[in-house]
Amino acid sequence: MTDHTLAGPVRVRFAPSPTGYLHVGGARTAIYNELLRLNAGGAFILRIEDTDRERSDEAMTRQICSALEWLGLRWDEGPFLQSERVDRHREAAAELIANGKAYRCFCSLELLDEQRKAAEAKGDAFFYPRTCFAVARGDSDARAAAGETFAVRFRMPGEVIRFQDLVRGAMEFPRDAVDDFILLRSDGSPTYHLSVCVDDVDMRISHVIRGEDHLTNTAKHVPLFQALGSPVPMFAHLPLILGTDKKRLSKRFGAASVEEFREQGILPEALYNYLALLGWSPGHDREVLSREEMGRLFTTDRLNSSPAIFDHEKLAWMNGQYISHLPLAELLEHAASFLAAEGLAGVEKARLGAAVDLHKNRARSLGHLAQMVRPYFEPIAYDEEACKEFVSDPSVAESMAFLRVRFVAVDPFGKDGVEAALRALATERGVKAGVLIHPARMALSGVAVGPPLFDLVALMGRQATEEHMLRFEGFLRAAGAAQGSTGPTAK
RNA sequence: GGCGCAUUCGUCUAGGGGUCUAGGACGUCGCCCUCUCACGGCGGUAACACGGGUUCGAAUCCCGUAUGCGCUACCA
């Protein structure tokens, strides 16, 4: 069953570094954190890892928070800024030095760089030779007191590193897999490794759910947790999300950030659902399910261990599912900016709602929906190419004139009456209904492929219908005359 | 190079020794519905990377090989 029930209160955290937009991989990590929290109770903490001040910026932090909020994620504590906790990190480093778990390193960057290059030239991995580990404690203290600059390195203990990973099982790294890594830079700032571990300890994190790219880092963190005298949390390292090139999904490959999908007209619920299923399965062939349902069903043992390729097609399908099932009012809210982009901002609300309702089960994105709805309000100019078959058949113009008269006479004006009128006319003229329907759709909407005709007519109303039919007749006459002058068609 | 992780239809996955002639979903193809486009319904296509073991029996366990990916910073 769920292993976390034995481990005390579940405290999870999502800890993005604000160096860019929220990547869908990060979003998925956040989702799994929230899902575990939803399932097990406890707390979900948001922490911003901005220890790399050169690459971090406040705007990005806000951006990430708003992307998480848009996705519907709710955290219980935070956001905490790691940069505000550097005193605590330094204090922890000092304690580690005092305990002999860490030591000062006076090696210059130039020297280390040389050593690294030499190692690389030989084809070896660079491994810090522990030069400064040999410096006697008294000397070290004296040099520091004298103002010599130094970094602080963790003294890796000499044991095999073991930890439990909820996704991959028992993990084991040889002792020499990692060297004495830096805890505090020579400018006194803490590195990521120190900060995460100290923060995870202080925030009493029980489960660290993060990307697989951190798997080898965990070999550093586990001994660090132990040196800090703290219990080691449970880990779950998630496989990466790949592009179709099987490389880590990145912007240059297409959309990779949450905000890009938002701009593409993806509903947050759809993205959440899709992402949750990319690496986790609730079983029983369930696919479309709410955040609450997923929370109820979520267990880490159903997390997948192999990487997943991001499939835009399936996301689009799922988005379509959500668009068609969302209550109209909510859908209109989400679609507002897309409708505005189609010039439909000022349109009569009731009619807009009716048109959207008519098309919501055919759209795969909000932009797509707005496009489909547009012909109800803003007939596009007739395109001669698209109308060629109507222009070349003189009976079409005649039929349209008859149809216009019948439409106008329908009373009460509505979908059923309009349909009856058209079908009656078709019967009288001995043609199939479609023969009238297609040019009529063109007359009213300007598109050959679009809204269902009778709904379109009903929604437009008697007056607009008449106007557009007349407009189309005029167009047919003009086009027919132009064609007649270049070559005879009608007899 | 070293260390690590991964490998079921094109894609996401179910599967945790016999119920697998491998199930579902997206995509794709065909048919039905139909005023176009969709939706919906029905049906088809398509996968256990390879080689050795273990076992009466392996997609499922073990070991290799191959391939892919990740990490290998005083980045996170």
Pick base, sugar-phosphate or nothing for [X], based on heavy-atom distances below 4.0 Å to the nucleic acid.
| X | answer |
| --- | --- |
| A:Leu453 | base |
| A:His193 | base |
| A:Leu215 | sugar-phosphate |
| A:Gly450 | base |
| A:Arg175 | nothing |
| A:Leu240 | sugar-phosphate |
| A:Gly211 | nothing |
| A:Pro239 | nothing |
| A:Arg153 | sugar-phosphate |
| A:Ser305 | sugar-phosphate |
| A:Ala433 | nothing |
| A:Pro452 | base |
| A:His359 | nothing |

> Taking for each residue the nucleotide of RNA chain B with the nearest heavy atom, is it A:Tyr192 or A:Met171 whose nucleotide lies nearer the 5' end?
Replying inline: A:Met171
>> Heavy-atom nearest nucleotide on RNA chain B for A:Phe173 versus A:Asp455: which residue maps closer to 5'?
In response: A:Phe173
>> Both distances below 3.5 Å, Watson-Crick or wobble geometry, any strand: find the nucleotide opposite B:U28.
In response: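 Per the H-bond distance test, B:G44.
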>> For B:U54, give the paired nucleotide (Watson-Crick: N1-N3 plus N6-O4 or O6-N4; G-U: N1-O2 and O6-N3; both under 3.5 Å), or none.
In response: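 Base-paired to nothing in any strand shown.
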Regarding [X] and [Y], do their side chains bring together a donor and an acceptor under 3.5 Å, going by distance alone?
| X | Y | result |
| --- | --- | --- |
| A:His237 | A:His214 | no |
| A:Thr29 | A:Arg210 | no |
| A:Arg168 | A:Ser305 | no |

>> For a 4.5 angstrom cut-off between non-hydrogen side-chain atoms, does A:Ile48 reach A:Pro16?
In response: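 A:Ile48 vs A:Pro16: side chains touch.
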> So, do A:Phe154 and A:His193 sit near enough that their side-chain heavy atoms are less than 4.5 Å apart?
Replying inline: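 Side-chain contact under 4.5 Å: no.
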To the side chain of [X], which of [options] is closest?
| X | options | answer |
| --- | --- | --- |
| A:Glu287 | B:C71, B:C12, B:A6 | B:C12 |
| A:Lys314 | B:U13, B:G27, B:C12 | B:C12 |
| A:Asn361 | B:C3, B:C39, B:G27 | B:C39 |

Can you say whether a donor on the side chain of [X] sits under 3.5 Å from an acceptor on the base of [N], or the other way round?
| X | N | answer |
| --- | --- | --- |
| A:Arg168 | B:C5 | no |
| A:Arg362 | B:C37 | yes |
| A:Asn217 | B:A76 | yes |
| A:Thr191 | B:C74 | no |

> Only one of A:Tyr32, A:Tyr274, A:Phe298 clears ring pair (Phe, Tyr, Trp, His ring centres under 6.0 Å) with A:Trp280; which?
Replying inline: A:Phe298
